[in-house]
Number of protein chains: 2
Amino acid sequence: MVVDNGRRRPTIEDVAAAAGVSRGTVSRVLNGGVNVSPTALAAVNKAIKQTGYVVNTHARSLVTQRSGSVAFILSEPQEKFFEDPNFQVLLRGCTQALAEHDMPLLLSIADSEQDRERVVRFISGGHIDGALLFSVHAGNPVVSRLASLGIPAVTCGLPIGHEFDLAYVAVNEAEGGRLATAHLARLGRRRIATVTGPLDTPGGRDRLKGYKDGLEEAGLALDQKLIAHGDYTRISGQLAMEKLLKQDPELDAVFVASDLMALGAMDALARAGRSIPGDVAVVGFDDSPSATSAIPALTTVRQPFKRICEEMVRLLLALLDGQEPAAVILPAELVIRETA
Amino acid sequence: MVVDNGRRRPTIEDVAAAAGVSRGTVSRVLNGGVNVSPTALAAVNKAIKQTGYVVNTHARSLVTQRSGSVAFILSEPQEKFFEDPNFQVLLRGCTQALAEHDMPLLLSIADSEQDRERVVRFISGGHIDGALLFSVHAGNPVVSRLASLGIPAVTCGLPIGHEFDLAYVAVNEAEGGRLATAHLARLGRRRIATVTGPLDTPGGRDRLKGYKDGLEEAGLALDQKLIAHGDYTRISGQLAMEKLLKQDPELDAVFVASDLMALGAMDALARAGRSIPGDVAVVGFDDSPSATSAIPALTTVRQPFKRICEEMVRLLLALLDGQEPAAVILPAELVIRETA
DNA sequence: CTGAAAGCGCTTACAG
DNA sequence: CTGAAAGCGCTTACAG
C-alpha cells in the first residue's frame, strides 16, 4: 500500500519515522544493510514499502560525489551513425547491461566540433561518472581529452594511440580477417580481394592484417590490385568493389571489412553481372542484422555485440571502483551463410 | 586560465571568494543575472573563468527539485527497434534539440514487462523531469502510467486513448496517405493496393484512412482484396505484398505505410517478376534513409523528423514550465523518386 | 548495532 | 542590489 501524504515525495525522514529508527539506520539499509539488526532491517523495509519511498539520487550524489550514470558517446559523423546498424545493437546492449546495475545511460552525440566541446564540458562537469566510447578513429579529440582528464572510459575497439591508458573491449579483428580469408581459400578461391575500413581504425587496420595472414597461410600472393578501401558506409563498399573489378576483373572472392560495405559490394557485383557466390564469393564482418536479411544471406565474421556491451559495462564499473584499465579481446567467429 | 587547487572541483564558494562577493550573488549570476550590478556581474564572470567553475547539477537539483534531464523512452519490442531506421533519426534529433537547451537525454528501453516496470519506477523516482515517448500502440501501459502519474510527457504520433491528456507531435498521417494515393491515381493506376501498419497505431489507422480518401477522390472503388496489414517490419511488408499479389494479380500500384515495409514489398514484387514502377508503382511513408538507398529509389511521404523532434522538445519544455499539453500536427509532403 | 550531527553544493526568500 | 541564513535529502565518520 502506498501512502500519499499530500503531494510531496516521501524522504528518508518519513521512512525513519514509520520504522521507528533514525535516518542513519534507514540509510544503512539502503546501502547494503551492513551493521543493521534483523529487526531494524525488517522494520525499515516495511516502512519503505509502506511509504513508497524512492531514494533521491541528487541528494545521494551530492554527498557521494558520484552521479551514478554513464554516458554513451558517439563521436562519429552523422551519416554513419544513421546508417550503421551496429550502433543500434551497441546502444541497446549497453542500455541493458547498465540497467541491470540500475544505472541510466546518457546519450551524447559529438559529431561536430561544437558538439565535441559541449560533450567534453559536460563530462568534465562531473555530470557522469564514466564514459562508453564508440567509433574511435586514431586521433579522435574526445578520446584524448577524456584520457588526459583521467575520466574513466572504455572504448569499443582498440583505441589507437591510447592502447595503454584506456580500457577497451574488442573482437580479435586480425583473427576475424584471417578466418574469413582462410574460408575463401578453402573454397578454392584464388584471387581473393578485400575492401578494408579506414586504416586509422582498428577494424580497418587489423582486419586487413588478418586478410594478409590468411592469404599467406593459403600460399596465395599479396596483390595490391586486390585491395581497396572504404569508410564503412554502404556506398563506399560499392565504389570500392567497382574499383576492384576494374583493377582485376578475374577476382573470384572478396572479404569486406563490414557487412554494410559488403552490401554495397554486392550491389556493385550485381550491377556488373557477377553471380554470388558463383562468380564471386563474399564474406563480410560484424554479423549485423543486415547480414541475415541480405539476399543472398551474407557469410560473415561475427562480432559478439551483446557480450561486447556487457564487458564494456563491467570494465567501466571496475574503473569506477578504482581498478586499473584493462583490455578484453573477444574471439571472432565465422558465420557461414550463402555468399561464401 | 584554469586554476586547479589540488584535485577538488571549484565550488560556488571559490567563485565568490575570487570575485569578492557572496555565494548568493554568484548564484544569481548563474541563474540569469537578475538583480546583480554590472560590476558584480563582471567580477563573477571573471572569477568563473578563472576558477574553471562548473555548476554541480546534483546540488542544484536537490534544491530546485528538478533533475534537468529528460528520458527518451522506447517501448517497443526489440526487433523493431533494431530494424527501424526512423528511431535513429528521432534519437539523434531529440538529442540535438535537447543539447541546445543543455539538457542530457536519458535513453530508456522498455520492451519487456520487466523493463517497463523498471522504467516506470525510474521515472516516478524523480530522476527525470519529463519523457519523450515513441512507438505508442493503443493501450501501451507505459503511456497510461505516465499519464496517470501526471508526468510531463510528449509522444511522437497521436497517443490513441490519450489524445487529450498528453501532448504530442505528429505528421498529418491521413493527409500523407491521401497524397500518396492521389499521386498513384494521377499516374493512371487503377488497382491501387495498400499495406497498412498495425491498426492500433495512429500510422496504421490514419494512413489507411488517407488511402481511402484518396481512392474516393479519384473515383476508385474500395476493395478489401487490395488491403493487407503489416507490423512495420520489412518482412511483414514482403508477406503482405505476397498476399496482395495472390488476392489480386492485376494490381498496378501499392501504397505502403512505411519505407521499411515498402522495401519488403519491393522484394516480393521482384521475386514475383513484376517491374517497378512499370508493372507496379510503389509509394512508401517516412522518407527514411532507406528510401534513398533503395533501388530503384523510393517515392515516399516525408515525415519531417528533425522538425518533429524539435517540436517534441519544445512542447516538453513548455510542459515543464507549467503549460497545458498541446498537440502539433505537421504537414506531410510527397517526395517523388523512381518507384512512382 | 544505533543515533546525533556535520556536511555535500547549491538556491531563494528575507531583511536591509 | 546584496549578504546571511535556512534548507533541499542524503551519507558517513564518530561516539557510544
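These numbers come from a predicted model, not from an experiment. So that the names make sense, note that chain A is the first sequence line, chain B the second, and so on, each numbered from 1.
Relative to the side chain of S22(A), the nucleotides dG3(C), dC1(C), dC1(D) differ in distance, and dG3(C) lies closest. When distances are taken from the side chain of R28(B) to each of dA13(C), dG3(C), dT11(D), the shortest belongs to dA13(C). Checking dT11(C), dA6(C), dG9(C) against every side-chain atom of R23(A), the shortest atom distance belongs to dA6(C). The nucleotide whose nearest atom lies closest to any side-chain atom of S37(B) is, among dT11(C), dG9(D), dT2(D), dT2(D). Set against dT2(D), dT11(C), dC10(C), the side chain of A40(B) has dT2(D) as its closest nucleotide. In the set dC1(D), dC10(C), dT2(C), dC10(C) carries the atom at the smallest distance from any side-chain atom of R60(B).
Look at CG on L30(B): it is 15 Å from P on dG9(C), rounded to the nearest Å. Computed from coordinates, the Q65(B) CD to dC8(D) P distance equals 9 Å when rounded to whole Å. As a whole-Å value, the separation of E13(A) CD from dA5(C) P is 13 Å. Spacing between atom CG of D14(B) and atom P of dG9(C) amounts to 9 Å, rounded to whole angstrom units. In this structure, N35(B) places its CG atom 14 Å from C1' of dA15(C), rounding to the nearest Å. Across the protein-nucleic acid pair, H58(B) atom NE2 and dG7(D) atom P stand 24 Å apart, rounded to whole Å.
Residue-level contact check: N56(B) touches the backbone only, with heavy atoms under 4.0 Å from sugar-phosphate atoms and none from bases.
Remark on DNA chain C: of its neighbouring residues T25(B) and L62(B), the 5'-side contact belongs to L62(B), judged by nearest-heavy-atom nucleotide. Both A59(A) and P38(A) lie close to DNA chain C; mapped to their nearest nucleotides by heavy-atom distance, the more 5′-ward contact belongs to P38(A).
When ring centroids are compared, F72(A) and F134(A) come within the 6.0 Å threshold.
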task = Give the C-alpha distance, both sets of side-chain angles, the deciding distance and a yes or no for side chain to side chain donor-acceptor pair (under 3.5 Å) between S75(B) and N140(B).
result = CA-CA 8 Å; S75(B) 48; N140(B) 183 312; 2.8 Å; yes

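In this structure, the side chains of V169(A) and V154(A) come closer than 4.5 Å at one or more pairs of heavy atoms. Taking the side chain as every heavy atom from C-beta outward, E310(A) and R314(A) never approach each other to under 4.5 Å. For the pair D200(A)/I160(A), no side-chain contact is recorded, criterion being any heavy-atom separation below 4.5 Å from C-beta on.
Between the C1' atoms of dT12(D) and dG16(D), the separation comes to 16 Å (whole Å).
OP1 or OP2 of dT11(D) has at least one side-chain nitrogen or oxygen of N31(A) nearer than 4.0 Å. The phosphate of dG9(D) has neither OP1 nor OP2 within less than 4.0 Å of any side-chain N or O from T11(A).
In a base pair of the Watson-Crick type (N1 to N3 plus N6-O4 or O6-N4) or a G-U wobble (N1-O2 and O6-N3), with each distance short of 3.5 Å, dA13(C) is matched with no nucleotide.
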